[in-house]
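One structure is given here, and the rest of the page talks about it.
Every value quoted in this text rests on a predicted model; they were computed, and no experiment measured them. Chain A is the first sequence line, chain B the second, and so forth, proteins listed ahead of strands; every chain is numbered from 1.
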Amino acid sequence: MQDYLLILLGTVFVNNIVMTKMLGLCPFMGVSRKLETSLGMGAATTFVLTLASGLSYLIETHVLGEELRYLRTLSFIVVIAGIVGFTEMFIRKTSPVLFRVLGIYLPLITTNCAVLGIPLLNVQARHGFVESLFFGLGGALGFTLVLVLFAALRERLEAADVPLPFRGSAIALVSAGLMSLAFMGFAGLVK
Amino acid sequence: MPTSPHIVLADNSVRAVMFKVLAALVPGVVVHAWMFGPAIWVSLLLTTLFCLVIEALVLAMRDLPLKPFLSDGSVLVTAWLLALSLPTLLPWWLYALGSLFAVLVAKHLYGGLGQNVFNPAMVGYAVLIVSFPAHMNLWPAPVGVAGHTPNLMEALDLVFAGQGAVSPDAYTAATPMDQLRAQVRTGLSAEAVAAASFGLHAKEALVLSYALGGLLLLAHRVITWHVPVAFLGALVATATLLHLIDPGRHADPLFHLLTGSTVLGAFFILTDPVSASTTPLGKLIYAGLAGVITVLIRSFGAYPDGVAFAVLLMNAAVPFIDAYTQPRVFGHSRGRRT
Amino acid sequence: MLSAILVMSGIALVLGGVLGWAAIRFRVEEDPLVDKIDAILPQTQCGQCGYPGCRPYAEAIAKGEADINRCPPGGEEGIRQLAELLGVEPKPLGEGLVHKPKSVAVIDERLCIGCTLCIQACPVDAIVGAAKQMHTVVPELCTGCELCVAPCPVDCIRMEVIKEDISNWKWRYPVVSLTALA
Amino acid sequence: MRFAPTPDEPRLTPFPGGIRLPAHKEVSTQRPIAALPLLPLYVVPLRQHIGEPARPIVQAGDRVLRGQMIGRPEGYVSVGVHAPTSGRVLAVEPRPVPHPSGLADLCVVIEADGEDRAVEPTPLDWHVMDASSLRNRLREMGLAGLGGAVFPSFIKLNPGARRSIPILILNGAECEPWITCDDLLMRQRASEILLGAQIMRHMLGAQQVLVGIEDNKPQAIASMMEAAIGSDIRVVAVPSIYPAGGGKQLTYLLTGRETPAHGLTTDVGVQVFNVGTAYALYRAVVHGEPLTSRIVTVTGHVAAPGNFEVRLGTPIADLLAAAGGELTGATGRVIGGPMMGFELKDTAAPVTKAVNCVLVKDAVHFPPPPPALPCIRCGACARACPMRLSPHELYWYARHRDFGKTQALNLFDCIECGCCSYVCPSHIPLVDYYRFAKSEIWAREREKKAADEARARHEFRLQRLEREKQEKAERLAKKAAERLESGAVSAQDPDAERKRAILAAAIEKARKAKEGVQPRNVDDLPEAVRKEIASIDARRTGGNGADPTP
């Protein structure tokens, strides 16, 4: 149990997928303009990532095996695309506004490198099924955490007297950099 | 010209607030100079100078009036906190770089006074410790512990000309935190190390003087009790817990209170109103989590002190915390964000 | 090779089945987005956007056929709200469109010949009168769309900017000067 | 406290925030209330209360008597307006009124005849009158809250579906500095106020009557306690913490009941009236006099500050003159107190039911505020806010015109008391930002409502057109069928030709009319100007007939 907890905490804080691994920057910058949207995006990504981690583990061990290893990336992408498609329909039905606001970023979870990256890292780290799930969940929670914090921060920045050349994406990138700097403080906490 | 009210509280201004903070820092600075030698004056002077010059340049570039912003004292507070967080006797350009990141990047890119999300002094510190760890780990030892304490001329020489007549070996020593880590690695118990209390006496005096300044700020209602109490409380609680779990690896809470910039952080850094949470509950969460993170980074992390990183991490979380901890408005059933 | 094809088609089949089921289970009946967009539009029905009314423009936006910056009466605020609803960047008012102060149409009653052309043009039934009788604009109902101005054969309709009085007076944005401290 | 009719002091519940302010009350309490002499001219605005303005029922030239109704209440939230003296109506026209905008509003201008004849007073027998007609009389008599909000009293005196409101609070807190009109009224006319309170209590069915007075007015407290001997009305001294006089604040202070947001104190079984309103009610009911005067404090930088019984409609310039005039060095005039009052733009504006104080500023007591610096989020405003809002956050988003966020942060719970601006170390005009945001949001709501109505009318019209089209098609089809039967087919519609001719004739007539109506105000012109106009006309019509415009 302690191992799983360490995996979870490690992926959320120490090896944060966005802040230290620099994966998933596209939705991080794209869907962080409003707090509510970022929460929706975080939830969707969490759902997709956790499911993708588990499914891809099953495919890796039970379907692909040793000889079909070259199909790994391909089959993972197909699985992720399938889950994203499902999520998309679900959100479209349950929250049309969120669906519209997430816009292109929702189908783009498919190509969110974090979502592919985590299953691949799972394989690399030789995680078991439960470990994979926790790793996926942790990565997704870490993504959601920074996404939500960043969205709240950007809502506040929206009204700040930022000098003209730095308005919008520029100051957002600076802030992301400073947040990343802050996350460096966690370095070495969990291997 | 406001349409109403037509009166304002007398003797109340940003400048008054900032100069109260500066005044409260004076005992700490004096004790620092007394315990660690006159080098602090050099770094204090340098950061003040650099911060003021950078602020003036940026204000001119942004077409803002110089006088109200240079005279409000907020730049001085940033500069002093930066100087007190950095080791003394660094090469001059490191102070310049730290000031640049503090004033230009952390403050003015966000719009200047009152608009920055991250604590400027801590951004300056964090950039330096991440980029120049070798320099940043050379902490001059207290007078009496070090083989030699540089006088003012030697300090100037070291800062501006690099290694001068005095070698760093002569005046630096591993900080208590470093030593603790080293000893733990070689198998000695943390208790034994802490009991040896190298340099802790000097720290005690310094910590007390910062605390005195902090109490002055509390008395003058510049800060509220929430942040220092939550930060120190959480720090002591976390440290106690870890110490109880494994006394051999983790130092006792007193050690955590006395080392690093714990007390400076509790009263002066975390309380920076601009980058701190503003709601009562938010302040408790903000400072409490910062306390926990500080101890975790100190106990398990790669960096010598966790206060700066804890402050920056919690700064990033402040807008989120504030959004969800708005107090219950009079006549509403509960505080909420909709 | 065969096993690879089998594996991939197997995965595709399973996922396809799940998605097919989901498409039926979570089918969206209609798009309430049009209503949301229409709610933001000012309902002047002026047609300056190039569509024959606010609702058609809202439908065009929802379909992605029209840009959000085609509505001058909605002003900057309207564009900002549309941008927020649709999650896109606000943009300035489209080319050839200008924002005018809110006005109402006024009929010069000495000139009106009672031709009813303006009544037919008014999209919100804000003009009252019968054939060969003098017409009047009900100012509370007039949206200021100007559609009645052109059809009038005797040019007796003019647009009057609504004057500020105590009932519609607004507090101004505070002016604060930093440079005053010299 | 020795007059205390009930020895047990009620427990006070302090409201959140609030500030202590220098009171400056003694400036205007040195003399008793003085009456103003009759003036030659009164300007009586028709919008003196919250809600719909009264509709004028007099015209220029009409003769009026004191107390005669000159403005009839229009709509539900409205009260009557009455002539302050006898005389002749000079005009019914827009005149400057005391309003932050400085804009003009419809007023009845009355030239006094010096006789000050009054209409026959109509005292009301409130013990036997039924509640509804009593309220109706008060509405006609112009009763509105005199504490500053001027809400029609008859509405507040209606317990409505609740049948009764258990607690009546008389607000004598007068928490704004400088103002003393309630103070003096309580000192001099305590028993009349309490009689008014008894009538209110009767109308509300209240069991308990509390009078809240700030403890910086010991004389008023003593006088009210003395008047309350023998009754169960309780006079309570409350700490002098601004804004204790706010309705919700005073209710909380005295009863511990928290008025729900967007609600009224009646939601927690409390109704609050200003002591001045209670006095006016007494005059209206017992003496049958409509509301035509009130007590106004004139204080600050004037020669003889004090309180005056002023007829509504008195130009403020005359009131200032009665107080000895402004001293040299006056820097402006405030209507109301220094915390919530507004700058008077024109002293020709008259005293209305809302004007409780005219405060003349000087540079010593009212130095120009230092320029505003950026907010440093120190939170002093949040600690001072009596509504427990986050003023710094409201400011942050109001400044950026993000009104959605300001509403989410409960902007509309702000009572604009000014505590936040007062304590702000950056001297930001916070209240101005909230007022700006509020009026923008209101304007937007008005627009939204108008848009919704326009949409409904448009959709209705589309439906109607569709229906008409269908009906027409049906008619045509029927006609065509008939014609087919009769076999007679005419190639041309004789009607169309006739219609075109009529239209052309009408257009021609209108063009002539346009030419005919062009010259105006040419009756009393000197000969030279007439000639010039004639020559211009000749040039215009003769030279270029096709284009009549110059």
(request) Please say whether more than 12 non-hydrogen atoms of neighbouring residues, nucleotides or ligands are located less than 6.0 Å from NE2 in D:His400. (result) yes
(request) Check each atom of B:Ala276 against the heavy atoms of chain D and say whether the ones under 4.5 Å are side chain, backbone, both or neither. (result) backbone
(request) Any chance you could measure D:Thr259, atom OG1, to B:Phe330, atom CZ, to the nearest 0.5 Å? (result) 5.5 Å
(request) Considering non-hydrogen atoms only, spot the tightest contact between B:Arg328 and D:Arg388 and give its length. (result) O-NH1, 2.5 Å
(request) Would you mind checking which part of B:Thr224 comes under 4.5 Å of any heavy atom in chain D, side chain (CB onward), backbone (N, CA, C, O), both or neither? (result) side chain
(message) How close do D:Ser390 and B:Pro327 get, counting heavy atoms only, and between which atoms?
(response) OG-CD, 4.0 Å
(request) Would you mind telling me which of D:Lys248, D:His427, D:Met340 has the largest number of heavy-atom pairs within less than 4.5 Å of chain B? (result) D:His427
(request) Please report the closest heavy-atom contact between D:Met387 and B:Val329, naming both atoms and the distance. (result) O-CG1, 3.3 Å
(message) With a 4.5 angstrom heavy-atom cut-off, is it the side chain or the backbone of D:Cys424 that approaches chain B, or both, or neither?
(response) backbone
(request) Please test D:Tyr422 against B:Asn12 for side-chain contact (heavy atoms from CB on, under 4.5 Å), starting from the C-alpha separation and ending with a verdict. (result) CA-CA 10 Å; D:Tyr422 180 80; B:Asn12 180 33; over 6 Å; no
(message) Less than 4.5 Å to any heavy atom of chain B: does that hold for the side chain of D:His365, its backbone, both, or neither?
(response) backbone
(request) Identify which of B:Ile223, B:Asp272, B:Val17, B:Asp322 forms the greatest number of heavy-atom pairs closer than 4.5 Å to chain D. (result) B:Asp322
(message) For the interface with chain B, which of D:Ile19, D:Leu21, D:Asp413 has the highest count of heavy-atom pairs at distances below 4.5 Å?
(response) D:Asp413
(request) Search all heavy atoms of D:Ser421 against all heavy atoms of B:Val8 and return the closest pair with its distance. (result) O-CG1, 4.4 Å
(request) Tell me, for D:Pro386 versus chain B, whether the close heavy atoms (under 4.5 Å) come from the side chain, the backbone, both or neither. (result) backbone
(request) Answer yes or no: are there more than 12 heavy-atom neighbours, outside B:Arg62 itself, under 6.0 Å from its atom CZ? (result) yes
(request) Please test B:His6 against D:Glu343 for side-chain contact (heavy atoms from CB on, under 4.5 Å), starting from the C-alpha separation and ending with a verdict. (result) CA-CA 9 Å; B:His6 303 265; D:Glu343 190 90 23; 3.9 Å; yes
(request) Examine whether an atom of D:Pro16 lies under 4.5 Å from a heavy atom of chain B, and if so say whether it belongs to the side chain, the backbone or both; otherwise answer neither. (result) side chain
(message) Within this structure, what is the SG-CE distance for the pair D:Cys378 and B:Met18, rounded to the nearest 0.5 Å?
(response) 9.0 Å
(request) Quick one: pull up CH2 in D:Trp178 and CD1 in B:Ile7 and give me the separation to the nearest 0.5 Å. (result) 9.0 Å
(request) Side-chain contact test, heavy atoms from C-beta onward, threshold under 4.5 Å: evaluate it for B:Gln326 versus D:Asn410 and give yes or no. (result) no
(request) Specify which of D:Ile376, D:Leu359, D:Val268 makes the most heavy-atom pairs with chain B at under 4.5 Å. (result) D:Ile376
(message) Do B:Ser4 and D:Arg435 pair up side chain to side chain, a donor and an acceptor below 3.5 Å, judged on atom types alone?
(response) yes
